[in-house]
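The structure under discussion appears below in the form of structure tokens.
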Amino acid sequence: MSAAAATLGTIQTVQTALTVLHTLALTAWHFPSDCPISNDSSYDFIIIGGGTAGSVLANRLSANENIKVLLLETGGYAPLESELPGLFPLLPNTVYDFNFTSVNDKYTAQNLQNGQIELTQGKMLGGSAANHHMIHVQGDPHDYDQWAKILDDDTWSYKNVQPYLKRQENLTDPGLLDSKYSQLHGTNGFLKVARDEQLANINYLEAFKELGHKIVEDVSSETSSLGFNEPLLYVADGIRQTGAVGYLGAAQARKNLCVALFSTATKILIKDGVAVGVQVLTSDGKTSKLYAKKEVIVSAGAINSPKLLMLSGIGPKTHLESLGIKVVADLPVGQNFMDHPSAVVVYQMEANTDPLPAANPHDFPVPITTGYVALDSKQLYPDYQVINLVFPHDATALLQLCANVFKYTNEVCDKFFAATSGRSTLFVVYNLMTPKSRGEIKLASANPTDQPLIYTGTFTNKDDLDLMARGLENFNRVLNTTYFKSVDASLVDVGICSGLSDLKFWECYALEMSATMWHYAGTCSMGSVLDTQLRVKGVENLRVVDSSAMPMQVSGNINAAVGMIAERASDFILDTWNISH
Ligand SMILES: Cc1cc2nc3c(=O)[nH]c(=O)nc-3n(C[C@H](O)[C@H](O)[C@H](O)COP(=O)(O)OP(=O)(O)OC[C@H]3O[C@@H](n4cnc5c(N)ncnc54)[C@H](O)[C@@H]3O)c2cc1C
């Protein structure tokens, strides 16, 4: 039997066994209790979705005890395996995941299972931060300055968003707290972040240095995020740090905050162009109508937020009419879908058989470094990011990542695994930072329980494929460094793109191995669907606050940018309603 198939079988067995533990709700103590809702109740604000953005908003808007806030979350409490950082490969394909897949474009991702991209997305309190990969990075200043330029609104420039990036953070890393980087980080926020420094990373950092890259303690910067480092992680006290753990945990005792679990918003109630409430389906199969005296705020993530808007009549007119949905506002909802296209590259190191410390479920599973690289030496912002994971020999954890997280085919994963036999490997997740390609989310039907159609649009703009190929080729120079030569390193051949060389090889590799970084964004973007205070154009008292609102990708993992948007939005909302904060 294929090693990958056997690993997938083992994961399913473990996932089934864990369902017994789920019934004990072992993590509930972190969070506010589940709050009952009843038909016709009203609140000042209704927030839809208790993920990264929704958790920030629920905390900030309920800080004033006179303001009644309802947070609706379709999932339940995150399970124990979400809290333990080392267990993240067990989370996809469970009830804690929406289990979305892309529509097979027959062009990209053909070495993924079924030619489809597994678009994992958290369905639980904490949202996608409860099953994400825990890398914390603020993004490059150039990203936000571009947002300000596109939106013609300086509110979103780096200078103006930086305080909100900081406001989320509670930096607990002793080395960084004692360094010049400390002023770029917050220490009073709700999200604890720190590095996991590992001796095993030193040789690799040296190799990247030999290629001319800067080695930095931290890539946060007021000018440029280029360089290689050991990243900050959303891990503290051995526990994954999510918005739900931090922001909702701190608001546990508030009587004016109702967190309703297993409560799915199926429609936004709109009367005469004003959002007045939400229709909600609860786990007992009942439908209720709940009302918002001030605002409805949609924070259901970049796939579910556009889905909900379209179900409510806000979206492209012809698409909605084709499904018999009455149009309330004709807006390009669902369009401008963005992700960071990725590809995994593995290097086997013949002469490196070093053991690694035994995996501790409270830590990130393996030593990790990240790098941000520009292909043009004059450019200050990155074209690509690499996430480098060091796996010890014969590591089944590599198979778990390959087969259950990235969802490469068993043939590909078996080849990667064979390369680990008796030697260490470097598992490199390469991804493109500012793709020009765009995809689209569409409704499959007017039924809220149906999955939407997700067209990722990967490499529909040829420039992206060209840049991705050049970047992969550029990174591959690592084989020429002293360390990689000393361990007799080579690229693991997965048997695709044979006969091709140089850039043609990398272009083929990028296409065939293209996957996701799970950084979905832009589907209700500011500028087209929203104004720059995140209000839906043409509908009053309705905002979208989550990764859907991003007009352009940021150069790195996007959770911090989403949290920043929500922090910023909370100030907009409190100011709009003259609520003190
Ligand atoms: C596998 C994976 C790995 C990632 N790795 C990283 C990483 O290492 N670092 C990083 O910075 N970012 C990472 N990300 C991205 C980051 O986690 C997300 O961008 C971020 O969590 C998005 O926040 P959000 O608030 O937009 O949506 P989410 O956090 O997804 O929250 C949406 C919430 O809405 C709920 N919901 C949806 N529909 C409804 C409805 N109709 N009614 C009620 N509730 C609803 C969902 O259950 C969910 O709780 C990763 C994401 C994934 C999926």
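Only a predicted model underlies this, so the values are computations on that prediction, with no experimental measurement involved. Order of appearance sets the numbers: ligands from 1, and atoms from 1 within every ligand.
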Quick one: do the D140 and Y158 side chains pair a donor with an acceptor below 3.5 Å? no

Taken in chain and number order and not counting sequence neighbours, the residues that satisfy ring pair (Phe, Tyr, Trp, His ring centres under 6.0 Å) with Y372 are none

Has R438 got a side-chain atom pairing as donor or acceptor with G522's backbone, closer than 3.5 angstrom? no

### Message
Checking side-chain polar atoms at under 3.5 Å, does T370 have a donor or acceptor matched by the opposite partner on N229?
### Response
yes

- Determine whether the side chains of D450 and S445 contain a donor N or O and an acceptor N or O closer than 3.5 Å. yes

Starting from the N and O atoms of ligand 1, collect every protein N/O partner closer than 3.5 Å and put each pair on its own line with the distance to 0.1 Å.
unit_1	atom_1	unit_2	atom_2	d
ligand 1	5 (N)	H133	N	3.0
ligand 1	8 (O)	H133	N	3.4
ligand 1	8 (O)	M134	N	3.1
ligand 1	8 (O)	I135	N	3.0
ligand 1	9 (N)	I135	O	2.8
ligand 1	11 (O)	I135	O	3.2
ligand 1	11 (O)	I558	N	3.4
ligand 1	11 (O)	N559	N	2.8
ligand 1	21 (O)	T52	OG1	2.9
ligand 1	21 (O)	N559	OD1	3.3
ligand 1	25 (O)	T52	N	3.4
ligand 1	25 (O)	A53	N	2.9
ligand 1	26 (O)	S547	N	3.0
ligand 1	26 (O)	S547	OG	3.3
ligand 1	29 (O)	T52	N	3.2
ligand 1	29 (O)	S128	N	3.0
ligand 1	30 (O)	Q121	NE2	2.9
ligand 1	30 (O)	S128	N	3.3
ligand 1	30 (O)	S128	OG	2.7
ligand 1	41 (N)	A265	O	3.0
ligand 1	42 (N)	A265	N	3.0
ligand 1	44 (N)	T74	N	3.1
ligand 1	47 (O)	E73	OE2	2.6
ligand 1	49 (O)	E73	OE1	2.7
ligand 1	49 (O)	E73	OE2	3.3
ligand 1	49 (O)	M124	O	3.0

Are a donor atom and an acceptor atom from the side chains of N93 and E118 found within less than 3.5 Å of each other?
yes

